[in-house]
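The next block holds one structure in the form of structure tokens; read it before the comments.
All heavy atoms count here, side chains included; hydrogens, waters and symmetry mates do not.
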Amino acid sequence: QLQLVESGGGLVQPGGSLRLSCAASGFTLDYYEIGWFRQAPGKEREGVSCITSSGRSTNTAHSVEGRFTIWRDNAKNTVFLQMEELKAEDTAIYYCAAIAATAQAYCFMSDYEYDYWGQGTQVTVSS
């Protein structure tokens, strides 16, 4: 059974950092594109960042560009999201999602494109 498990969330002060992990079990991530999404209370889920199966192409939302970095370690079957200079508005539940690799040279930032989802990890930025 395909399963994604997020970890690394927590409470951090504004300006702090966190590293989220998305670990796969039951399948190898090598052939999947991965997206990170977040949903804050009362708001719609939004795409944060994504990475193609090869890792050669990524995409990042304007709201986090320059602060968040996505990369993958296929040997560890894990995708990471490094979050720096965190702000209160980054507070949300963060989810990772997977879709089988496509022929596209880019990855998707829309949640409806993804087939498999983790349970999410809470990130709270507060002093």
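For Glu89, the CD atom is densely surrounded, since the number of other residues' heavy atoms within 6.0 Å is greater than 12.
In terms of heavy atoms, Leu29 sits closest to Cys22 at CD1-O, 4.1 Å. In plain terms, the two heavy atoms of Thr102 and Phe108 that are nearest each other are CG2-CE1, 3.9 Å. Listed here is the closest heavy atom pair of Ala92 and Ala40: CB-N, 3.8 Å. Closest approach of Arg67 to Leu86, counting heavy atoms only: NH1-CA, 3.8 Å. Listed here is the closest heavy atom pair of Pro14 and Ser127: CD-N, 3.7 Å. Scanning all heavy atoms of the two residues, the minimum distance from Ser17 to Glu85 falls at OG-N, 4.4 Å.
Between the CZ atom in Arg72 and the CG atom in Asn77 there is a gap of 9.0 Å [rounded to 0.5 Å]. Put simply, CD on Glu44 and CD on Gln39 are 8.5 Å apart, with the number rounded to the nearest 0.5 Å. Summarising the geometry, atom CD belonging to Glu6 is positioned 12.5 Å from atom OH belonging to Tyr94; distances are rounded to the nearest 0.5 Å. Summarising the geometry, atom OH belonging to Tyr32 is positioned 11.0 Å from atom OG belonging to Ser53; distances are rounded to the nearest 0.5 Å. For the atom pair OG1 of Thr124 and CG of Asp90, the computed distance is 11.0 Å after rounding to the nearest 0.5 Å. Note that CZ of Phe68 is 7.5 Å distant from OG of Ser63, once rounded to the nearest 0.5 Å.
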| message | Run Tyr95 and Leu4 through side chain to side chain contact (heavy atoms under 4.5 Å, CB included) and show every step you take. | response | CA-CA 9 Å; Tyr95 302 89; Leu4 295 170; over 6 Å; no

| said: Run the side chain to side chain contact (heavy atoms under 4.5 Å, CB included) test on Val64 and Arg38 for me, step by step, so that the C-alpha distance in whole Å, both residues' side-chain angles and the decisive distance to 0.1 Å come before the verdict. | reply: CA-CA 12 Å; Val64 303; Arg38 67 185 182 185; 3.8 Å; yes

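Cluster membership check: Tyr106 does not share its hydrophobic cluster with Trp36, using side-chain heavy-atom separations under 4.5 Å among Ile, Leu, Val, Met, Phe, Trp and Tyr. Note on Ile93 and Leu11: separate hydrophobic clusters, where clusters join Ile, Leu, Val, Met, Phe, Trp and Tyr whose side-chain heavy atoms are under 4.5 Å apart, directly or indirectly. Residues Leu2 and Ile34 are members of one and the same hydrophobic cluster, defined by side-chain heavy-atom contacts under 4.5 angstrom among Ile, Leu, Val, Met, Phe, Trp and Tyr. Tracing side-chain contacts under 4.5 Å through hydrophobic residues (I, L, V, M, F, W, Y), one never reaches Met109 starting from Phe80; they form parts of separate clusters.
The aromatic rings of Phe27 and Tyr116 lie tilted to each other, with the angle between the two planes from 30° to 60°. Taking the six-membered ring for Trp and thresholds of 30 and 60 degrees, Phe37 and Tyr114 have ring planes more than 60 degrees apart, a perpendicular arrangement.
Checked by atom type and distance alone, the side chain of Thr52 pairs as donor or acceptor with a backbone atom of Ser57 at under 3.5 Å.
For the side chain to side chain contact (heavy atoms under 4.5 Å, CB included) test with Val123, the passing option among Thr91, Leu81, Leu18 is Leu18; the others fail.
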